[in-house]
K.L.:
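Before anything else, here's the structure in question.
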Amino acid sequence: MSESVDGIMAELAELDDPKMRQANLKRGDDHGVNLSKLRAVAKRLKTQQDLALALWATGDTAARLLALLVCRPKDFDRAGLDTMLRESRAPKVHDWLVNYVVKKNPHAEALRVAWMADPDPVVASAGWALTTERVAKDPSGLDLPALLDTIEADLKTAPDRLQWAMNHTLAQIGIEHPDQRRRAIDIGERLEVLKDYPTPPNCTSPFAPEWIREMVGRREQ
């Protein structure tokens, strides 16, 4: 390690902005480091797997985010990633771990299947996030009607983070697969999940029927 963990932790502490921490806490993320500044630190450090492991071990949210930026995704084994996911209770850490590390790891598909069936809704949400990726990029072998069956049965009552991930899969099925589009829209319209979600101007609503129609419409222009 060319730079000490203590030195990096001190640097992250210097970057911590109390106002940003307060705003992040409302979303469940207990850190106050501007992400652009965090990425600048990662760019300086470059890829360092041992340092990433040491930063992760601190348990500090900002340090873990930095660890995910400087790690080598393919170097993690399946058990290690499973443990890391279960330790990732901050939403941003969970999101970055899945998107920046697990998706690039050779165990991604095995973890997707295992996590989809996990009783912990936060773990299951990671399985659904990986499924959304497969729906869009590599749907061969996926049973899309069965996924829609599960979404239809469980989406309405799913806890927030699991509901969000399942809803994304629903929208992605409707966007990417014309033969399933009508049913995906019908499920969304009937369940009305995220129908009233506050959406800023010029942003796409997370309400699946609107999301599907918006994205399909853009492609057809």
Side-chain angles (χ1 to χ4, degrees), residues 5 8-9 12 21 24-33 35 38-39 41-42 45 47-139 141-142 146-147 150-151 154-155 157-173 206:
V5 173
I8 294 168
M9 294 301 292
L12 293 176
R21 176 177 285 273
N24 285 338
L25 280 171
K26 294 176 182 177
R27 298 187 287 270
D29 289 310
D30 55 340
H31 78 93
V33 180
L35 295 181
L38 190 76
R39 291 180 188 278
V41 175
L45 294 172
T47 301
Q48 298 188 54
Q49 182 71 358
D50 289 343
L51 177 61
L53 294 173
L55 288 169
W56 184 271
T58 67
D60 178 81
T61 294
R64 286 187 162 181
L65 290 171
L66 182 58
L68 296 172
L69 294 174
V70 301
C71 73
R72 193 173 289 108
K74 293 181 180 178
D75 282 9
F76 293 102
D77 62 21
R78 175 177 168 173
L81 288 175
D82 184 72
T83 298
M84 289 170 72
L85 186 83
R86 293 174 193 280
E87 293 173 346
S88 301
R89 307 320 281 187
K92 185 64 71 176
V93 174
H94 180 276
D95 181 57
W96 281 19
L97 175 62
V98 172
N99 286 291
Y100 295 172
V101 181
V102 179
K103 286 181 180 179
K104 299 175 182 177
N105 184 275
H107 300 289
E109 178 59 15
L111 289 168
R112 180 189 76 82
V113 174
W115 290 343
M116 284 273 285
D118 199 277
D120 182 334
V122 176
V123 175
S125 73
W128 281 93
L130 293 171
T131 298
T132 300
E133 176 91 349
R134 285 238 9 227
V135 166
K137 296 183 177 179
D138 182 23
L142 287 180
L147 286 173
T150 301
I151 291 167
D154 299 340
L155 179 64
T157 57
D160 286 353
R161 281 164 70 180
L162 177 55
Q163 184 183 71
W164 191 269
M166 293 176 74
N167 184 72
H168 194 176
T169 303
L170 174 64
Q172 204 68 53
I173 290 172

K.L.:
Side chain to side chain contact (heavy atoms under 4.5 Å, CB included), that's the test. Do Arg78 and Asn105 meet it? Break it down for me.
P.N.:
CA-CA 9 Å; Arg78 175 177 168 173; Asn105 184 275; over 6 Å; no

K.L.:
Main chain of Thr132, side chain of Gln172: is a donor-acceptor contact present, judged purely on distance under 3.5 Å?
P.N.:
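Not a single qualifying donor-acceptor pair exists.
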
K.L.:
Is there a donor-acceptor pair closer than 3.5 Å between any side-chain N or O of Asp29 and the backbone N or O of Asn24?
P.N.:
no

K.L.:
Quick one, Thr61 with Lys92, criterion side chain to side chain contact (heavy atoms under 4.5 Å, CB included). Give me CA distance, side-chain angles, the key distance, then yes/no.
P.N.:
CA-CA 9 Å; Thr61 294; Lys92 185 64 71 176; 5.9 Å; no

K.L.:
Between Asp95 and Pro91 (side chain of the first, backbone of the second, donor and acceptor by atom type, cut-off under 3.5 Å), is there such a pair?
P.N.:
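Not a single qualifying donor-acceptor pair exists.
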
K.L.:
His107: what forms a ring-ring contact (aromatic ring centres under 6.0 Å, His included) with it, not counting sequence neighbours?
P.N.:
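His107 satisfies ring-ring contact (aromatic ring centres under 6.0 Å, His included) with no other residue.
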
K.L.:
Are Ile151 and Asn167 close enough that some pair of their side-chain heavy atoms sits under 4.5 Å apart?
P.N.:
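A side-chain contact is absent here, since even the closest heavy-atom pair is not under 4.5 Å.
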
K.L.:
Side chains of residues 66-76: which donor-acceptor partners sit under 3.5 Å, not counting sequence neighbours?
P.N.:
residue	atom	partner	partner atom	Å
Arg72	NH1	Asp75	OD2	3.1

K.L.:
For side-chain hydrogen bond (donor to acceptor under 3.5 Å, both in side chains), just list the numbers for Thr169 and Thr131, CA-CA rounded to whole Å, side-chain angles, deciding distance to a tenth of an Å, and then say yes or no.
P.N.:
CA-CA 7 Å; Thr169 303; Thr131 298; 5.7 Å; no

K.L.:
Measure across Val98 and Ala129 and return the closest heavy-atom pair with its distance rounded to 0.1 Å.
P.N.:
CG1-CB, 4.1 Å

K.L.:
For the atom pair CE (Met9) and CG (Asp60), what is the distance rounded to the nearest 0.5 Å?
P.N.:
4.0 Å

K.L.:
Is there a side-chain contact between Leu130 and Arg134 (heavy atoms, below 4.5 Å)?
P.N.:
no

K.L.:
With rounding to the nearest 0.5 angstrom, report the CG to NE2 distance, Leu12 to His31.
P.N.:
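Answer for the CG-NE2 pair, Leu12 versus His31, is 10.5 Å.
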
K.L.:
Of all the heavy-atom pairs spanning Pro121 and Leu162, show the shortest one and how long it is.
P.N.:
O-CB, 3.7 Å

K.L.:
Report all side-chain donor-acceptor pairs from residues 113-120 shorter than 3.5 Å, counting only partners two or more places apart or in another chain.
P.N.:
residue	atom	partner	partner atom	Å
Trp115	NE1	Asp82	OD1	2.7
Asp118	OD1	Asp120	N	2.9
Asp118	OD2	Arg86	NH1	3.2
Asp118	OD2	Arg86	NH2	2.6
Asp120	OD1	Val122	N	2.9
Asp120	OD2	Arg89	NH1	3.4
Asp120	OD2	Arg89	NH2	3.4

K.L.:
For the atom pair CG (Asp154) and CE (Met166), what is the distance rounded to the nearest 0.5 Å?
P.N.:
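If I round to the nearest 0.5 Å, the distance is 5.0 Å.
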
K.L.:
If a pair satisfies ring-ring contact (aromatic ring centres under 6.0 Å, His included) and one of its residues is in residues 80-99, list it, with sequence neighbours excluded.
P.N.:
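Matches after skipping sequence neighbours: Trp96-Tyr100.
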
K.L.:
Taking only residues two or more places apart in sequence or in another chain, which ones pass side chain to side chain donor-acceptor pair (under 3.5 Å) with Lys26?
P.N.:
none

K.L.:
Say you draw a straight line from CE of Met84 to CH2 of Trp56; how long is it, rounded to the nearest 0.5 Å?
P.N.:
4.0 Å

K.L.:
Mind listing the closest non-hydrogen atom pair of Val93 and Ser88 along with its distance?
P.N.:
CG1-OG, 3.6 Å

K.L.:
To the nearest 0.5 Å, tell me how far Leu45 CG sits from Leu55 CG.
P.N.:
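Interatomic distance, Leu45 CG to Leu55 CG, rounded to 0.5 Å: 8.0 Å.
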
K.L.:
Return the set of residues passing side chain to side chain donor-acceptor pair (under 3.5 Å) with Glu133 (not counting sequence neighbours), or none when no residue passes.
P.N.:
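Glu133: side chain to side chain donor-acceptor pair (under 3.5 Å) contacts with Lys103, Lys137.
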
K.L.:
Donor-acceptor pair, Thr150 side chain versus Ala146 backbone, under 3.5 Å?
P.N.:
yes

